[in-house]
Every structure is written in structure tokens, then in C-alpha cells.
2 protein chains.
Amino acid sequence: MTPSKNDKNTRTTGRPTLNEVARLAGVSPITASRALRGVSTVATELVEKVQKAALDLNYVVNPAARALASAQGHSVVVLVPSLSNLLFIDTLEAIHQVLRPKGFEVLIGNFHYSRDEEENLLRNYMAYQPRGLLLTGFDRTESSRRMIEASNIPCVYMMELDTAAGLNCVGFSQLNAGETAAEHLLSRGRKRLAYIGAQLDQRTLLRGEGFRRTLQNAGLYDPDLEVLTPRASSVGLGGELFLQLMAAHPDVDAIFFGNDDLAQGALLEAMRCGIKIPEQVAILGFNDLPASEHMVPRLSSISTPREAIGRRAAELMLTLLAGNPVAKPVQDMGFELKVREST
Amino acid sequence: MTPSKNDKNTRTTGRPTLNEVARLAGVSPITASRALRGVSTVATELVEKVQKAALDLNYVVNPAARALASAQGHSVVVLVPSLSNLLFIDTLEAIHQVLRPKGFEVLIGNFHYSRDEEENLLRNYMAYQPRGLLLTGFDRTESSRRMIEASNIPCVYMMELDTAAGLNCVGFSQLNAGETAAEHLLSRGRKRLAYIGAQLDQRTLLRGEGFRRTLQNAGLYDPDLEVLTPRASSVGLGGELFLQLMAAHPDVDAIFFGNDDLAQGALLEAMRCGIKIPEQVAILGFNDLPASEHMVPRLSSISTPREAIGRRAAELMLTLLAGNPVAKPVQDMGFELKVREST
DNA sequence: TTGTAGGCGTTATCAT
DNA sequence: ATGATAACGCCTACAA
């Protein structure tokens, strides 16, 4: 138990250390370190020796030691507002796909659409000295904002586009999406258009605004036909709100839903109580979730490039971390209107 | 840039260190460390002082340093087969909820139902010296198994129950669930019962086996009515397989689906082509996903305690990590048959 | 109950 | 191009 002062080779964990690799390769630890990290100043011959030694010993760096010594974490923090919304899963997957192979640990935080919770997560995760931050949208507390700024950690914002200046962001214009939705419905000859949104995050609001604006321009805006609730988006909620709206305003002839699950719920309830879709009411969803195209009738929706956003955001982060110049800090990934049977 | 040999207080990062906290509190660093970790041997008076100092300085431990010094990671690795399956989201959430407050970093790995990918993840994550492992099921490669064993890291298995010996697991009997499904359908007077499963993971197979066994006992088993595919479970796939099955065997009068999304797809297609549910065919799902109760007709399903499993598994891990004795290494969380309109 | 000494595995700095 | 030395911030062991 009492290891006398034997030299550098006493190991607590069973894992080989850089020292052992170095010794096996017949070089100094620092050279081994450099060789393994691909620092250019090491002779190719030595590099090979070291790599072989590392392989033989089955050496893996100790992330803790590395982080401590270099004052650099190896993690990238990703903060999303929800996981139950299939939405962000695709994005997360793509991020993983890009970052993991590069040796980054991806720390996922779910802030449940709560600004305060996001602030907490941020504070907690900062302790890990993450190398990068991948955040969702721009709506956060002042403290959060300050923390991010003060931390000086590279940051990429996902889902929305920067209206103001200077931030790296990958997403699409939520406002435009709302406008597109309205235009589509209008083009179908609808006159009484409603918007139903849940969660009330910035993006849902923005889409609502785009929708409203277009209706106003067309002289068809009616504030009574705007249903917003902070409750979490779900199939059940969609059905509920749909029924309420139809009861209160039987003349509604088109509804744009802030998320597909809501729209799916509406479709289901419509079927249950015999409301004809799209004859009586046109239903348009958002995000084009997997089930939507299989609904009865098939749900028209605005398809969003969630996976592409994740990938690009991660790639952007990579160039940021490499210290390379960023060609386009603002990347509009667009969206696509999928017209199916429900409109 | 060239910080002369000033003492312990030179900091590269802008963050306060334990030393500074200690100095502010007028104690030695180690006392501060103990105080902050809640080691009992510190005078309450000092604890308060230290905590105040830490608060004043906005001190947060450096996880890297802590990990290095204690040769103990602070992370728990969770490996799940899928994220797009809403299934595991609930479980992950629960795990987070339990582990994060205790200061554990939760590392999520998605192995996409691939044993090899799981092995890779395991190997990679081992570098972080995780304190614990939360794994899904028992079906993995020999190498994975050996790695787990050799690592000597506490491990809790989720979703299934240990048939053999000695493993800590939290889940329910997948076999029983399959039996329950068959019994229910049988009790409805159905004679031509089919099972449709995708993904073909161990648990899907197990449920199928339970289902089959019960049918065999009833003398009603027909291998032609067992549809298994390695493709990923989805609403679209469910509809597809349903249609195929009905075309090949128009006399089928009940179908048990390995996952709710498949069943939902079937319901949708049935509606589309006028197949009466449950009159002509009874449809039973599995997992009771959020949308199921809103389907038309409302989907009968077997509800699984995903959230409870996550919570309990995490709690079990906590007692394991605390070195406390485990009262019940095998925890059966059960499942519940929800009879609605589709059966 | 508190403190002293030393090391955890790696990398930065400065020489050579 | 390579190496010696000294941190990085914290914790384990032991001593007081």
C-alpha cells in the first residue's frame, strides 16, 4: 500500500501513461506528447516509434491531465430547448457526427424552453471549460449573455439568423417561414386564417409574426384567430386547441400550426368529429416531422433542415476552434414548403 | 506574457482557484477542499467561511484538476440504441435529473442499434474514466463485455431483467410483455394473430418470443404471421408492413406491433384503405408513446415505465458509487396494458 | 479537526 | 529537432 519513492512508474490506474510510452519509444515524454499530437517539429522517424509504442501499450491520453495542463477543455457544449421534440434530435446527431471524430466530447444540455434553466446549465457547464458553445436561438437572459461574452468561448447560434451583427449563426429565417405559410394558405383562396402556436419560444413567435404580417398586408388579419399557449407542444394539445378554435370560430378555413405534432393532433381530432380536411379547413404544419407525410390526409408542412443545421453549425465551430477565418458567419439553410393533402 | 516566478497565485484562466478561496477564508487549501466537498471532519464554522469565500469569488471547481488528482472521473456514461425513438428520451431525461444534481456529467452515446458501434463508443468513452456505466440491455459483443468487466466500473443495465446472475438491472420482463399482449388479443376472441417487429434488437425479439409462446400454447401460432425486419422502426414502415401483411394474409384479425410508431402507421393506412379497426383487425402497440392515445381509433398499447427506469437506474448507480450495499440488484418496474379503442 | 508534502498525467516554456 | 523543468488545480496520505 505504501509505495516507496519508486520513480515515475507508479500508476494508480491500470492505464499506461505518456511516460511509459516515451520510455518504450526511447524518447522524452514531451517528444512523445508532441509526436502523438502531430506537432510538426518531430522527426518522422520518432513519430513512428512513438506511435508504435503507444499502440503496443494501448495508450490513450488522459483527458483530465490534458485539460489541466493545457487549460483547455476538450468538450463542446450544446444547449437545446427540448429533446422530446424530435426536432432537435436530428440536429444533435449531426453535431455528434461531426465533433466526435475530431476528439471532442459533446455535452448536451436540455433547458426545457426555460431561460433560467439555460442560464443554470451554462453556468454549470462553464466549469468544464468547454472549447465551444452551440446554442439555440438568441433569446436568453442578460446573465447568460454576459457569461457567454465574458467566457470568450467561441459560440455558434443555431436555428435562427442574426438580425443584428457579428454572431455566428446557422439556421433560417423564422419570419420568412411564417410568411411563406400565410402566402401558401392565401394562395389556396382561404380568408379566415388562424395561427396556433405552443411553447412560445422566440422562433414560434417569430413565425407567428411573419404569418400575421402577411395577413395584415392582405387585410385578413384577425387577432382572435391567433392562439398562443406556453404549454408544451404535443399531439394532444394540438387536438385540444383545434377543437377550441373551431368551436369559437366555426368559420376558420385555414390553420397554420407552429409545430407538426400540433397539426397532427388537429388532423386526428378533425377526423374524429367529422371536420373535412382540407375542404372545410386547411391544415399546415411546421418542421415536417417523420409521421406527417403518413397522416390522413397527408399533412402539408414546412420542412426544416435540422440535420444540415447541426452539421454546418458543428463545422463552423471546428473552423472557429482551428482559428481559421470564417467565410460566412451567417448561414441561411433555408426551408421547404411541402404541399401534400391537408391544404 | 512572461510571468516571473510569482507564487501560487498566477492563473492562466480567469477563474479563481481553491487556493484563493482558502486564502480568503483564512484556511489551508485542503481544508477549503474538504469544506466544499462536505467532508464531515471540518468545523461548521470553517465550512461556512469557506462557502462564503467560494461564493464571493464565484468559485467553481476545476473538474480536470479534480479528476486528475483523485484518479476519478466525474462522468457517467449512458449508452442507448436510439434517440429518434422517443422511448429513450424519457429515460435519459430522468437519468440527467438524478445524476446532474449530484455533480455527475452525463455522457450520452447513441449506438444506433449496432453492437459494433456500441463497442466503439465504449472504448472511446473509457478514456474519460467514467465513474459509472448505464447500458441498455444485455446484448453486446464479447469485446464490449470484456471491456466492461476489465474496467471494473460499476454498471447498471436498463430495460431488461437479468435472467442469469449478478448484474444490476432495472427494467421489466420483455418476455412477459409479449405474453400479455397475446393474452389480451386472445381474450378478444382473435384467432389469427400476427407480430410485426422492426429493429430486431434483443428486446423486440424477446417480446416476439413471449407472444409466440403464448400462441403456441393456444395452438394458434403461425410462423407466416411473424414479420420481422431489421429496418428502423417508424410510422411509415409500420404502414408499409401492415399493408403487406394484410395483402398476404387477409384473414389476420389481430396484430401486435413491437413499437407504437409502427402501430400508428398501421392505423393510418388502415384508415386510408378502409380497413376497420378493431372490427376487422385489432391493433396493439407497445410503449404507449404520447400520440397513441390520440390516434383514430385510440391505440391500445403496453405502457412501459421509461422514465421510472431511468430514475431508478440512476439511483442504483448512485448507491453503487457511494459504495453502499445494493438491496435489490434486479428491479422489475413492470408494464401496464392500456386497453383503448383499437383492440 | 487541521495542515504538510507530494503527486496525478500532461503540456508550456525555455534551453540546448 | 529534442529535452529539462515547472506548472496546471486539486486531492490522497500521512502527520500534528
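Numbers restart at 1 for each chain; the letters A, B, ... are given by sequence-line order, proteins then strands.
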**Student:** Donor-acceptor pair, distance only, cut-off 3.5 Å: does the side chain of Asp162(A) make one with the backbone of Leu167(A)?
**Tutor:**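 Yes, the answer is positive, given that a donor and an acceptor are paired below the 3.5 Å cut-off.
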**Student:** Which whole-number value in Å describes the distance from Asn62(A) CG to dG9(D) P?
**Tutor:** 16 Å
**Student:** Whole angstroms only, please: what is the OH-C1' distance between Tyr59(B) and dG9(D)?
**Tutor:**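 So the two atoms are 7 Å apart, to the nearest Å.
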**Student:** Taking the side chain of Ala43(B) as heavy atoms from C-beta outward, which of dG9(C), dT11(C), dT1(C) is closest to it?
**Tutor:**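 Nucleotide nearest to Ala43(B)'s side chain: dT1(C).
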**Student:** Between Asp201(B) and Asp139(B), does the side-chain contact (heavy atoms from CB on, under 4.5 Å) criterion hold? Intermediate values first, please.
**Tutor:** CA-CA 8 Å; Asp201(B) 56 292; Asp139(B) 177 45; over 6 Å; no
**Student:** Nearest whole Å is fine: how far is dA1(D) C1' from Arg34(A) CZ?
**Tutor:** 8 Å
**Student:** Between Arg100(B) and Tyr125(A), is NZ or CZ placed under 6.0 angstrom from the six-membered ring centre and within 45° of the ring axis?
**Tutor:** yes
**Student:** Write down the distance between CZ (Arg66(B)) and C1' (dG9(C)), rounded to a whole number of angstrom.
**Tutor:**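 Nearest whole value for this atom pair: 18 Å.
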**Student:** Answer with yes or no whether the side chains of Ser33(A) and Arg37(A) bring together a donor and an acceptor at under 3.5 Å.
**Tutor:**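 A pair is found: one side chain offers a donor N or O, the other an acceptor, under 3.5 Å apart.
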**Student:** Looking at the side chain of Ala65(B), which of dT10(C), dA13(D), dC10(D) is the nearest nucleotide?
**Tutor:**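 Nearest listed nucleotide: dC10(D).
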**Student:** By nearest nucleotide on DNA chain C, pick out whichever of Leu18(A) and Val27(B) is the more 5' one.
**Tutor:**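 Taking each residue's closest nucleotide, the earlier one in sequence belongs to Val27(B).
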**Student:** Which sits closer to the 5' end of DNA chain C, Leu68(B) or Gly26(B), going by the nucleotide each is nearest to?
**Tutor:** Gly26(B)
**Student:** How close or far is atom P of dC8(D) from atom CG of Asn19(B), stated in whole angstroms?
**Tutor:** 9 Å
**Student:** Strictly below 4.0 Å: does Ser70(A) bring a side-chain N or O up to OP1 or OP2 of dT11(C)?
**Tutor:**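 So the side-chain polar atoms of Ser70(A) never come under 4.0 Å of the phosphate oxygens OP1 or OP2 of dT11(C).
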**Student:** Of the candidate nucleotides dT2(D), dT12(D), dT10(C), which contains the atom at the shortest distance from the side chain of Leu46(A)?
**Tutor:** dT2(D)
**Student:** Quick check for you: among dA13(D), dG9(C), dG7(C), whose closest atom lies nearest to any side-chain atom of Ala69(B)?
**Tutor:**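 Shortest atom-to-atom distance from the side chain points to dG7(C).
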**Student:** If the plane angle is over 60° it's perpendicular, under 30° parallel, otherwise tilted; pick one for Phe138(B) and Tyr157(B).
**Tutor:** tilted
**Student:** Distance check, rounded to the nearest 0.5 Å: Leu99(B) atom CG versus Arg311(B) atom CZ?
**Tutor:**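 Output value for this atom pair is 13.0 Å.
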**Student:** Starting from P on dA15(C), measure out to CD1 on Ile30(A) and report it in whole angstrom.
**Tutor:**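 Distance check: Ile30(A) CD1 to dA15(C) P gives 16 Å.
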**Student:** Answer with base, sugar-phosphate or nothing: what part of the nucleic acid does Arg37(A) contact at a heavy-atom distance below 4.0 Å?
**Tutor:** sugar-phosphate
**Student:** Using five pairs at each end of the helix from dT1(C)-dA16(D) to dT16(C)-dA1(D) to define an axis, what is the angle between those two axes, to 10°?
**Tutor:**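 Roughly 30° between the end axes, to the nearest 10°.
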**Student:** Is Arg145(B) reaching over with its side chain to a backbone N or O of Arg140(B), donor-acceptor style, under 3.5 angstrom?
**Tutor:**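 Present.
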**Student:** Within the pair Thr31(A) and dT2(D), is there a side-chain N or O less than 4.0 Å away from OP1 or OP2?
**Tutor:** no
